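On a predicted model such as this, the values are computed, not experimentally measured, just so you know. Here, residue 1 is the first one in the sequence, and each next residue gets the next number.
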Amino acid sequence: MGALSKLYVELTTACNLDCVMCVRRTWQNEGFGPMSWELYQRLIDQLREFDRPPTIHFGGYGEPMTYPWFLEAIARAKEIGARVEMTTNGTLLTPKMAQSLIDLDVDKVMVSIDGVSPEVYGDIRVHSDFRQVIENFVELFRRKVSQRGRGLHKPVVGISFVAMKRNIADLPLLPQLAHQIGATEIKVSNVVPYYPNLATEILYDRALYALAYRSSPAIPDMSLPKMNLDATTAPVLSEVFDSTVSVSWKQTSFNKYNDYCEFAQEGYAVIRRDGAVAPCLELMRDHTVYLLGRPQHVTHYTLGDIAEQPLREIWESSEYADFRRRVRDFPYSPCLTCGGCERFEENFQDCNENNVFPVCGRCPWAQGFVQCP
């Protein structure tokens, strides 16, 4: 059956920012607001039915700190023994909030920072203040050190960076920023082009076609050693990645996580703010992705509603188990790396004669282009 190991809980779809790459900009007929407190408490009660509570990650498509009962939500999750994580834009991390996160023993905080200068950051994270966000996390770090010493004490902090053409030059500056705010992890993801002008920002258009990221008995594997990445090697390595060879680095293949859905493989699920249970972030809501000039329409897929049925029953249902098994096997056409489909513009069927909705061959998460925090 497989255990539920991690649950993304969308406390709210409200946000105090208007980031240029956010799918919320494309939503139609979708209100912005919180999960009801009654529904959240029902979720916590349902999680008691599991042998071991999953990690609860407060994240989705809203800012969790805008949730009216945010600290109460953490406290309830901790009461059942759950590990608690969150993704935040950091703007609302006041000194009082920082102290509360420490006192409530929050395990991990991922802060979304997509630029290492006020100019680059402000161009992406509209209505935010780069200097204030950095000050907020410096204060969190200061309080952790003063109370608990200079170890890896909770909450552990990580940086989540969405890479695109307008900010990729800041990537080498992230380690210094991480040191400044006490972050021990930097997770870089690619931008998903939810509307046409974002398609010009992607950094993986050539990688969509390249065989370098795919394993096949018909092509050789090239295992590379550690070496300098500089003006001499970078152009050559770029040609290698675009060639008909499968690349490994010290026997670790770059195609290791092709056709690999972390949600299905690792036992993750998502609770939307209305209580609907989705198998992943990609299938939470209807949206369109614009890749290489062709729009691909993704229709949402949910497997139940915690307001009507206990989460454990939903997780253990035959439909959900069959879906996870199917995605782990990944029989789908390579729709994403094919570069956009002329035959099927929606996720209902594909060229491999898969016609059980949804088909997942066009998912950027499953091909390693996008990472979840």
Side-chain angles (χ1 to χ4, degrees), residues 6-12 14-19 34-35 37 40 44 55-118 121-122 124-162 173-187 372-373:
K6 190 171 185 175
L7 189 63
Y8 286 79
V9 180
E10 185 182 63
L11 291 176
T12 181
C15 188
N16 57 331
L17 303 187
D18 186 24
C19 303
M35 176 184 288
W37 180 240
Y40 178 79
I44 293 298
T55 293
I56 295 177
H57 188 109
F58 294 125
Y61 294 107
E63 167 52 51
M65 286 192 192
T66 67
Y67 187 58
W69 308 279
F70 175 62
L71 295 178
E72 292 92 333
I74 296 174
R76 288 301 314 276
K78 280 293 182 178
E79 282 175 11
I80 63 170
R83 174 182 168 86
V84 174
E85 304 175 351
M86 62 180 290
T87 298
T88 178
N89 59 43
T91 58
L92 303 178
L93 185 66
T94 62
K96 182 178 179 180
M97 179 65 76
Q99 188 60 52
S100 295
L101 297 185
I102 294 171
D103 293 341
L104 287 168
D105 204 34
V106 171
D107 295 273
K108 187 176 186 179
V109 177
M110 294 295 294
V111 55
S112 299
I113 299 178
D114 307 307
V116 188
S117 71
Y121 175 92
I124 296 169
R125 299 227 154 233
V126 181
H127 304 318
S128 188
D129 183 331
F130 175 76
R131 291 187 176 88
Q132 185 61 60
V133 170
I134 301 308
E135 287 179 13
N136 293 346
F137 276 88
V138 168
E139 176 64 14
L140 174 63
F141 184 46
R142 186 194 67 78
R143 287 172 179 260
K144 285 199 303 178
V145 171
S146 65
Q147 289 183 228
R148 301 181 175 181
R150 200 171 268 276
L152 297 179
H153 297 297
K154 296 187 287 187
V156 173
V157 173
I159 293 174
S160 180
F161 184 91
V162 177
L173 304 175
L174 284 173
Q176 182 178 352
L177 179 67
H179 180 74
Q180 181 182 356
I181 67 173
T184 57
E185 176 184 354
I186 301 169
K187 182 160 282 191
C372 292

Set of residues satisfying side-chain contact (heavy atoms from CB on, under 4.5 Å) with respect to Pro68, sequence neighbours excluded: Pro34

Reported CZ-to-OG1 distance for the pair Phe70 and Thr88, which is rounded to 0.5 angstrom: 7.0 Å

Lys144 side chain vs His153 backbone, donor-acceptor pair below 3.5 Å: yes

Asn89: partners by side chain to side chain donor-acceptor pair (under 3.5 Å), with sequence neighbours left out: Asn16, Glu63, Thr91

Under 3.5 Å donor-acceptor, Glu10 side chain and Gly62 backbone: no

Side chains of Phe137 and Val157 in contact at under 4.5 Å (non-hydrogen atoms): yes

Distance-minimising heavy-atom pair for Val109 and Pro155: CG2-CB, 3.8 Å

Closest non-hydrogen atom pair, Gly90 against Asn136: O-ND2, 2.8 Å

Test side chain to side chain donor-acceptor pair (under 3.5 Å) applied to Gln99 - qualifying residues, sequence neighbours left out: Asp103, Arg143, Gln147

Residue pairs involving residues 82-97 (criterion salt bridge (Lys or Arg N to Asp or Glu O under 4.0 Å); sequence neighbours excluded): Lys6-Glu85, Arg83-Glu85, Arg83-Asp107

Residues forming a ring pair (Phe, Tyr, Trp, His ring centres under 6.0 Å) with Tyr121, sequence neighbours excluded: Phe130

Donor-acceptor pair, side chain of Asp18 and main chain of Val126, under 3.5 angstrom: no

Criterion side chain to side chain contact (heavy atoms under 4.5 Å, CB included) on Ile44 and Ile56, from CA distance to verdict: CA-CA 10 Å; Ile44 293 298; Ile56 295 177; 4.1 Å; yes

Test side chain to side chain donor-acceptor pair (under 3.5 Å) applied to Glu72 - qualifying residues, sequence neighbours left out: none

Leu173 side chain reached by Ser117 side chain, heavy atoms, under 4.5 Å: no

Any donor-acceptor N/O pair, Tyr67 side chain to Met35 backbone, under 3.5 Å: yes

CD-CD distance between Gln132 and Glu139, expressed to the nearest 0.5 angstrom: 10.5 Å

Between CE on residue Met65 and CG on residue Leu71, distance to nearest 0.5 Å: 8.5 Å

Note, Leu101 side chain near Leu93 side chain (heavy atom, < 4.5 Å): yes

Heavy-atom pair with the smallest gap, counting every atom of Arg125 and Cys19: NH1-SG, 3.1 Å

Contacts of Glu79 that satisfy salt bridge (charged side-chain N to carboxylate O under 4.0 Å, His left out) - sequence neighbours left out: Arg76

Minimum side-chain heavy-atom gap Met97-Leu92 below 4.5 Å: no

Nearest-0.5 Å distance, OG1 of residue Thr87 to NZ of residue Lys108: 8.5 Å

Qualifying residues under side-chain contact (heavy atoms from CB on, under 4.5 Å), relative to Ala178, sequence neighbours excluded: Ile159, Ala183, Ile186

Side chain to side chain contact (heavy atoms under 4.5 Å, CB included) between Ile74 and Phe58, worked out: CA-CA 9 Å; Ile74 296 174; Phe58 294 125; 3.8 Å; yes

Heavy-atom closest pair, residues Ser160 and Asp114: O-OD1, 3.8 Å

Ile113 vs Ile134 side-chain heavy atoms within contact, under 4.5 Å: yes

Heavy-atom pair with the smallest gap, counting every atom of Met86 and Pro64: CE-CG, 4.2 Å

Partners meeting ring pair (Phe, Tyr, Trp, His ring centres under 6.0 Å) with Tyr8 (sequence neighbours left out): His57, Phe263

Value rounded to 0.5 Å, distance of OG1 in Thr55 from CG in Leu7: 9.5 Å

Beyond-backbone contact of Ile102 with Leu140, side-chain heavy atoms, under 4.5 angstrom: yes

Closest approach of Ala14 to Thr66 (non-hydrogen atoms, all atoms of both residues): O-OG1, 3.6 Å

Set of residues satisfying side chain to side chain donor-acceptor pair (under 3.5 Å) with respect to Gln180, sequence neighbours excluded: none

Residues which pass ring pair (Phe, Tyr, Trp, His ring centres under 6.0 Å) with Tyr40, listed by chain and number, not counting sequence neighbours: Trp37

